[in-house]
There are 2 protein chains.
Amino acid sequence: MMDYQANDGAISECPVDEFAVFAELGGDFSDTLKRMASESVLYTAAESIYVAGTNARHLYILRDGHVKLFKSTINGKDQIIRIVKPGEIFGFDGLVDTVYNHSAVPLKHAKACRIPVERLRLLGAQRPEVERLIMVRCIKELQHADERLLELGAKRSAERLASFLISWCEATPADRWTPLVLSRLEIAQLLGLTIETVSRFFAQWKRDEVVEERNQAIRILDQKRLKTVAESRA
Amino acid sequence: MMDYQANDGAISECPVDEFAVFAELGGDFSDTLKRMASESVLYTAAESIYVAGTNARHLYILRDGHVKLFKSTINGKDQIIRIVKPGEIFGFDGLVDTVYNHSAVPLKHAKACRIPVERLRLLGAQRPEVERLIMVRCIKELQHADERLLELGAKRSAERLASFLISWCEATPADRWTPLVLSRLEIAQLLGLTIETVSRFFAQWKRDEVVEERNQAIRILDQKRLKTVAESRA
DNA sequence: CGACGAGTTGATCAGTGTCAACTGCCGTGG
DNA sequence: CCACGGCAGTTGACACTGATCAACTCGTCG
């Protein structure tokens with residue numbers, strides 16, 4: 001957390017054993033992985049981690065910060081596919097394809113550990129658990145995508161926004177402030193809306209004392225009310 | 001194809017070696033799998049293959065027909081997540097969770113091969129390639145989901161409908177009829193629209209001789225035109 | 001023959017997008 | 001140090017897409 005400003009883009013050894021992902025592989029495994037020289041990289045906002053269509057060389061594990069994965073239409077509209085949170089894997093494409101199928105950019109900043117796919121392949125040959133772990137993570141992602149498809153396809157704007165806020169804050173204990181790392185634009189691109197509609201609902205809910213917002217952080221005041229909105233019963 | 005009417009719901013030995021999925025595992029593997037008594041099951045439209053929230057006991061491979069995977073909101077709106085085509089795997093949930101996270105129903109009819117997850121687990125222990133194969137398939141699904149999220153989040157109705165038609169027909173050679181296994185309602189639920197809007201665009205394109213429709217089948221007459229619509233340049 | 005379900009079409013309305021003006025904040029440079 | 005410019009966000013007026021409601025056709029099946 002404290003070394004962000006220091007070494008942007010710096011590459012160092014990645015303490016793999018810290019990650020929940022590989023935790024279950026046990027100590028000797030992380031030694032193996034370390035020897036394979038997986039790297040830890042820092043990114044600042046606006047610098048791409050990878051770009052759709054470019055060579056997919058690494059699998060990433062997010063250590064700190066947030067990453068947005070997005071795709072763009074030919075006309076330049078962006079859709080955010082997923083917000084990656086610490087501990088999660090992203091950049092699966094390289095395991096199957098030669099190029100990435102979406103782009104990855106940090107929200108504010110991000111620290112990620114990356115492993116070259118060819119090394120991962122070698123590793124997978126020795127330790128089949130690796131592929132099992134990735135499979136499990138991948139299935140989880142798929143379930144998450146199912147849910148997002150339901151949101152985008154079957155819910156109206158207020159419902160999407162409400163359930164976004166609920167799920168965004170669910171990690172933090174109730175009545176605590178949650179940093180809102182996303183801009184209005186990014187929320188809009190995540191939910192398939194415009195900046196203005198996002199802004200309007202936020203304003204309304206702040207007036208109605210359903211949520212509070214203060215220096216890039218939000219707090220849900222009336223969880224119950226927000227839930228009824230999310231289920232379109234208001 | 002010819003034995004549908006005969007034994008609905010019948011269960012028989014599944015000729016696993018026919019599947020592209022496990023083809024690369026070689027002959028001795030499919031023997032193993034056969035001995036594990038994976039089953040082949042026939043389904044008719046309207047009978048569920050599995051229901052969201054129920055015990056996730058099997059992994060499925062579709063042999064013939066089409067299956068729709070869908071989720072429902074609390075208010076009863078359905079969103080189709082994916083249309084499964086022959087050769088594809090579905091029902092990954094059991095490998096990670098105890099229950100299914102969406103429901104699966106055949107479109108018209110379907111013939112699927114299913115493998116109990118616990119057997120798959122045993123098998124995975126012996127033959128790590130199995131999990132690698134599932135991982136690969138799963139990543140493909142994830143890419144597909146990314147694309148669908150872009151469609152639903154960033155495109156207007158005509159664009160969604162046009163690119164749906166294009167992708168639906170892309171398997172069949174140009175100027176040949178493609179069976180349209182989906183009802184208007186199902187197309188609407190897939191694209192996050194209403195029956196009426198689907199119907200209206202179809203009608204318009206038929207008038208403009210962009211597409212033709214005849215007994216449950218469609219044919220694209222003006223691919224180029226449809227593509228410009230899909231990219232919202234018309 | 002009649003009833004029902006799927007699909008079509010029209011009229012109307014509501015929800016969001018679009019466009020534009022305005023505020024407030026922050027960093028830059030004179 | 002202040003002024004300016006620019007960017008993020010807000011708010012209002014308006015337009016338009018797509019949903020809703022309703023009537024009607026057509027084909028199928030009892």
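Residue numbers start from 1 in every chain, and the chains themselves are labelled A, B, ... in the order their sequence lines are given, proteins ahead of strands.
Between D/dT17, D/dT11, C/dT16, one nucleotide has an atom nearer to the side chain of A/A203 than all others, and that is D/dT11.
Following rounding to the nearest Å, A/R214 (CZ) and D/dG9 (P) show an atom-to-atom distance of 18 Å. In this structure, B/L182 places its CG atom 15 Å from C1' of C/dG7, rounding to the nearest Å. Spacing between atom CD1 of A/I187 and atom P of C/dT16 amounts to 16 Å, rounded to whole angstrom units. What separates CD of A/Q204 from P of D/dT11 is a distance of 11 Å, to the nearest Å. At whole-Å resolution of the value, CG in B/N215 and C1' in C/dA6 are 15 Å apart. Between the CG atom of B/L193 and the P atom of C/dG7 there is a distance of 15 Å, rounded to whole Å. Residue B/I195 contributes atom CD1, which lies 8 Å from atom P of C/dA6 at whole-angstrom precision. Between the CH2 atom of A/W205 and the C1' atom of D/dG9 there is a distance of 17 Å, given to the nearest Å.
Around the CD atom of A/Q216, the shell of radius 6.0 Å holds no more than 12 heavy atoms that belong to other residues, nucleotides or ligands. Dense packing is recorded around CZ of B/R219, with more than 12 heavy atoms of other residues, nucleotides or ligands lying under 6.0 Å away.
For A/E213 and A/R184, the salt-bridge test passes: some basic side-chain N is under 4.0 Å from an acidic carboxylate O.
Comparing A/R156 and A/E196 along DNA chain D, the residue whose closest nucleotide (by nearest heavy atom) sits nearer the 5' end is A/E196.
DNA chain C contains the following stems of three or more consecutive Watson-Crick or G-U pairs, with both distances under 3.5 Å: C:1-30 with D:1-30.
Side-chain nitrogen and oxygen atoms of A/S199 include none within less than 4.0 Å of the OP1 or OP2 phosphate oxygen of D/dG9. Between A/S183 and D/dA8 there is no side-chain N or O to OP1 or OP2 distance below 4.0 Å. The side chain of A/T194 contributes no N or O atom lying less than 4.0 Å from OP1 or OP2 of C/dT16. Taking side-chain N and O atoms only, B/R184 has a distance below 4.0 Å to OP1 or OP2 of C/dT8. Between D/dT17 and B/T197, no contact under 4.0 Å exists linking OP1 or OP2 to a side-chain N or O.
Below 30°, between 30° and 60°, or above 60°: for A/W168 and A/H66 the angle between ring planes is between 30° and 60°, a tilted geometry. Note: B/Y100 and B/Y50 have parallel aromatic rings, judged against thresholds of 30 and 60 degrees for the angle between ring planes.
A distance-only check finds a donor-acceptor pair linking the side chain of A/T73 to the backbone of A/K77 [under 3.5 Å].
The shortest side-chain heavy-atom distance between B/R82 and B/F70 does not fall under the 4.5 Å cut-off.
Remark: the A/R200 side chain and the D/dG9 base include no donor-acceptor N/O pair separated by less than 3.5 Å.
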